[in-house]
Engineer: 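Please find one structure pasted underneath; my questions will follow.
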Amino acid sequence: MPERSMDEVLKKAEVLIEALPYIQRFNRKIIVVKYGGSAMVDENLKRSVIEDVTLLKLVGFKPIIVHGGGKEISRWVEKSGMEPKFVKGLRVTDEPTMEIAEMVLNKVNKSLVQLVEQLGVLAVGVSGKDGGMLKVEKKFADGEDIGFVGDVKEVNPKILFDLLEKDFLPIVAPIGLDDEYNTYNINADDAACAIARAVSAEKLAFLTDIEGVYKDPKNPATLISELPVSEARELMESGFIGGGMLPKLNNCIDAINNGVSRVHILDGRIPHCLLLEIFTNRGIGTAILGDKETKFNHE
C-alpha cells in the first residue's frame with residue numbers, strides 16, 4: 001500500500017479510537033438534539049445532521065430529535081398574505097397562524113422521519129399533543145398577549161420511553177395542549193429543554209447559527225469550549241451575553257439544574273458538528289456543565 005494511503009488509513013483509525021471512550025461513556029444513554037436554524041434550510045446540512053443522529057443511534061445512543069420550523073412557518077405565513085409578527089423574539093400566533101404553524105411543523109416532522117428511514121433507522125414522528133406529552137399554559141411576552149404560544153408546564157414522557165424501548169428514534173414537533181385542549185405553539189428550545197429534563201437525558205444539544213458562547217462576542221478567539229454553570233451566570237450578569245443567547249443559556253442552566261449532565265451549543269452550519277463535538281477530545285462548540293461535573297475528554 002502506498003505510504004500516503006497508509007497514513008490516511010491510520011488517521012481514520014485514530015479518529016475511531018478517539019471516539020471509543022465516548023461511545024463507552026454514553027452507550028444506552030439518552031441524548032436530546034434540538035434541531036433548528038440554517039441546518040434545517042440547507043439540504044446538505046440537513047442530511048449531515050440526520051446522518052450524525054443516525055450514527056449516534058447505531059453506536060448505542062438513544063437520541064430524541066426536537067425540531068423547530070420558524071423560517072418555514074414565516075414563509076408560509078407570508079404566502080398566505082399575512083405578515084409574521086414577533087414580540088421579544090416570540091412569534092405572535094393568532095388562530096390562523098397557529099393552523100399554519102401546525103401544518104408546517106407536521107410537514108417538517110415527517111420529512112425528517114423520511115430522511116432517518118432512508119439511512120436505515122426506524123423513526124416515529126410525534127407532536128407534543130400525542131399521548132399528552134406536552135401540557136402548556138399561555139405564555140406572555142412582558143405581559144403582552146401573543147396568542148397561542150405556550151410555556152411547558154408538564155411533560156409526560158411515556159410515549160418517548162415506549163418508542164426508545166422499541167428501538168425507534170422519536171422526532172418531536174413542539175406543539176402542545178392546554179387544560180382546555182387548545183393547541184399551542186412552543187418555542188423549540190423550551191420544548192427540548194423540558195423533554196431533556198423529563199427523560200433525564202445525559203446530553204442536550206442545541207444546533208444554532210452561532211459557533212458557541214464567547215467571553216467577548218466581538219472576538220471569535222474567545223469561544224469558550226467548556227463553561228461551568230457558575231461561570232455562565234457570571235457572564236450573563238456581566239452583560240456580555242445578550243440577544244437570543246440569553247434565553248438559550250437560561251435553558252441550559254435550567255437543564256443542568258434538573259439532572260441533564262451536559263448541554264452543548266453547536267454551530268449547525270458546520271457539517272457533522274454533532275459528531276465533532278461528542279466524539280472528539282476538544283469538540284467545536286460550547287459545553288455547559290455543572291460545577292461539580294468532571295470533564296469528559298481523554299487527553
Side-chain angles (χ1 to χ4, degrees), residues 32-37 40 64-113 123-163 168 170-199 201 204 206 244 247-248 250-251 254-255 258:
V32 175
V33 177
K34 186 271 173 171
Y35 176 39
M40 292 197 71
I64 298 170
I65 297 174
V66 180
H67 65 84
K71 292 181 180 179
E72 187 74 357
I73 292 170
S74 293
R75 189 170 73 85
W76 277 94
V77 167
E78 289 173 349
K79 285 180 71 172
S80 300
M82 298 183 287
E83 183 180 345
K85 296 178 183 177
F86 294 86
V87 175
K88 301 291 183 182
L90 297 168
R91 183 186 303 277
V92 177
T93 308
D94 56 15
E95 195 167 341
T97 303
M98 186 63 243
E99 289 182 7
I100 291 170
E102 186 166 19
M103 175 195 73
V104 170
L105 287 168
N106 283 328
K107 179 177 179 291
V108 169
N109 188 277
K110 298 311 177 186
S111 73
L112 295 177
V113 169
V124 174
V126 295
S127 84
K129 293 165 75 169
D130 295 311
M133 188 197 313
L134 298 178
K135 289 287 187 183
V136 306
E137 57 190 6
K138 191 177 183 65
K139 187 183 186 81
F140 293 87
D142 287 347
E144 184 173 341
D145 189 339
I146 51 176
F148 293 95
V149 179
D151 257 332
V152 180
K153 69 172 186 175
E154 183 182 340
V155 180
N156 179 356
K158 183 179 185 305
I159 190 171
L160 296 173
F161 287 135
D162 287 348
L163 290 171
F168 291 102
I171 302 178
V172 183
I175 303 168
L177 296 172
D178 69 5
D179 290 339
E180 283 74 46
Y181 299 95
N182 297 303
T183 301
Y184 281 76
N185 192 20
I186 305 166
N187 176 277
D189 283 3
D190 294 347
C193 186
I195 287 170
R197 293 197 310 262
V199 299
L204 168 61
F206 290 102
K248 202 174 293 291
N250 275 320
N251 271 329
D254 184 50
N258 283 277

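In this text, all values refer to a predicted model and were calculated from it rather than measured experimentally.
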Engineer: Y35: which residues meet the ring pair (Phe, Tyr, Trp, His ring centres under 6.0 Å) condition with it, sequence neighbours left out?
Structural biologist: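 Testing Y35 for ring pair (Phe, Tyr, Trp, His ring centres under 6.0 Å), a comparison that skips the adjacent residues, returns none.
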Engineer: Find the distance between CG (D179) and NZ (K138) and round it off to the nearest 0.5 Å.
Structural biologist: 13.5 Å
Engineer: If I take atom CD1 from residue I175 and atom CG from residue L105, how far apart are they, to the nearest 0.5 angstrom?
Structural biologist: 4.5 Å
Engineer: Once ring pair (Phe, Tyr, Trp, His ring centres under 6.0 Å) is applied, what residue pairs with a partner in residues 128-152 remain, sequence neighbours excluded?
Structural biologist: F148-Y184
Engineer: What distance do S80 atom OG and E99 atom CD have between them, rounded to the nearest 0.5 Å?
Structural biologist: 10.0 Å
Engineer: Among all residues two or more places apart in sequence or in another chain, which pass the side-chain contact (heavy atoms from CB on, under 4.5 Å) test with E83?
Structural biologist: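 In terms of side-chain contact (heavy atoms from CB on, under 4.5 Å), with neighbours along the sequence ignored, E83 is linked to no residue.
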Engineer: Nearest 0.5 Å, please: how far is CD1 in I186 from CD1 in I195?
Structural biologist: 8.0 Å
Engineer: Please give me the minimum heavy-atom distance between P174 and A191, naming the atom from each residue.
Structural biologist: CB-CB, 3.9 Å
Engineer: Output all residues satisfying side-chain hydrogen bond (donor to acceptor under 3.5 Å, both in side chains) with T97, sequence neighbours left out; order by chain, then residue number.
Structural biologist: D94
Engineer: Using the rule side chain to side chain contact (heavy atoms under 4.5 Å, CB included), only one of N182, T183, L134, V136 pairs with L177; which is it?
Structural biologist: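 Passing option: T183.
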Engineer: Where is the tightest heavy-atom contact between V87 and A141, given as atom of each residue plus distance?
Structural biologist: CG1-CB, 3.7 Å
Engineer: Excluding sequence neighbours, so at least two apart, what forms salt bridge (Lys or Arg N to Asp or Glu O under 4.0 Å) with D162?
Structural biologist: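 Expected list: K158.
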Engineer: Which residues pass the salt bridge (Lys or Arg N to Asp or Glu O under 4.0 Å) test with R197, sequence neighbours left out?
Structural biologist: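 Result, salt bridge (Lys or Arg N to Asp or Glu O under 4.0 Å) vs R197: D254.
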Engineer: Not counting sequence neighbours, which residues clear side-chain hydrogen bond (donor to acceptor under 3.5 Å, both in side chains) with K110? List them please.
Structural biologist: none
Engineer: What are the two closest heavy atoms between V32 and A201, and how far apart are they?
Structural biologist: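 In terms of heavy atoms, the two residues are closest at CG2-CB, 3.9 Å.
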Engineer: Just verifying a value: how many Å separate L160 CG and F168 CZ, rounded to the nearest 0.5 Å?
Structural biologist: 13.5 Å
Engineer: For F206 versus N251, what's the shortest heavy-atom pair and its separation?
Structural biologist: CZ-CB, 4.3 Å
Engineer: Among all residues two or more places apart in sequence or in another chain, which pass the side-chain hydrogen bond (donor to acceptor under 3.5 Å, both in side chains) test with E102?
Structural biologist: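 With neighbours one apart ignored, the set is K129.
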Engineer: Which heavy atom of A194 sits nearest a heavy atom of V152, and at what distance?
Structural biologist: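 In terms of heavy atoms, the two residues are closest at CB-CG1, 3.8 Å.
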Engineer: Using side-chain contact (heavy atoms from CB on, under 4.5 Å) as the criterion, list what pairs up with P84, not counting sequence neighbours.
Structural biologist: S74, V77, E78, F86, R91
Engineer: With sequence neighbours left out, write down each residue that passes side-chain contact (heavy atoms from CB on, under 4.5 Å) with V104, or none if nothing qualifies.
Structural biologist: E72, I73, W76, I100, V108
Engineer: Looking at A198 and P157, what are the two nearest heavy atoms and their distance?
Structural biologist: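 Looking at all heavy atoms of both residues, the closest pair is O-CG, 3.9 Å.
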Engineer: Kindly indicate whether the side chain of K135, heavy atoms from C-beta on, has any atom under 4.5 Å from the side chain of N156.
Structural biologist: no
Engineer: Residues two or more places apart in sequence or in another chain: which of them pass salt bridge (Lys or Arg N to Asp or Glu O under 4.0 Å) with K71?
Structural biologist: D209
Engineer: Tell me, please, which residues at least two apart from D151 pass salt bridge (Lys or Arg N to Asp or Glu O under 4.0 Å).
Structural biologist: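 Only K139 meet the salt bridge (Lys or Arg N to Asp or Glu O under 4.0 Å) criterion with D151.
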Engineer: Looking at CD1 of I65 and CD1 of I171, how far apart are the two atoms once the value is rounded to the nearest 0.5 Å?
Structural biologist: 4.5 Å
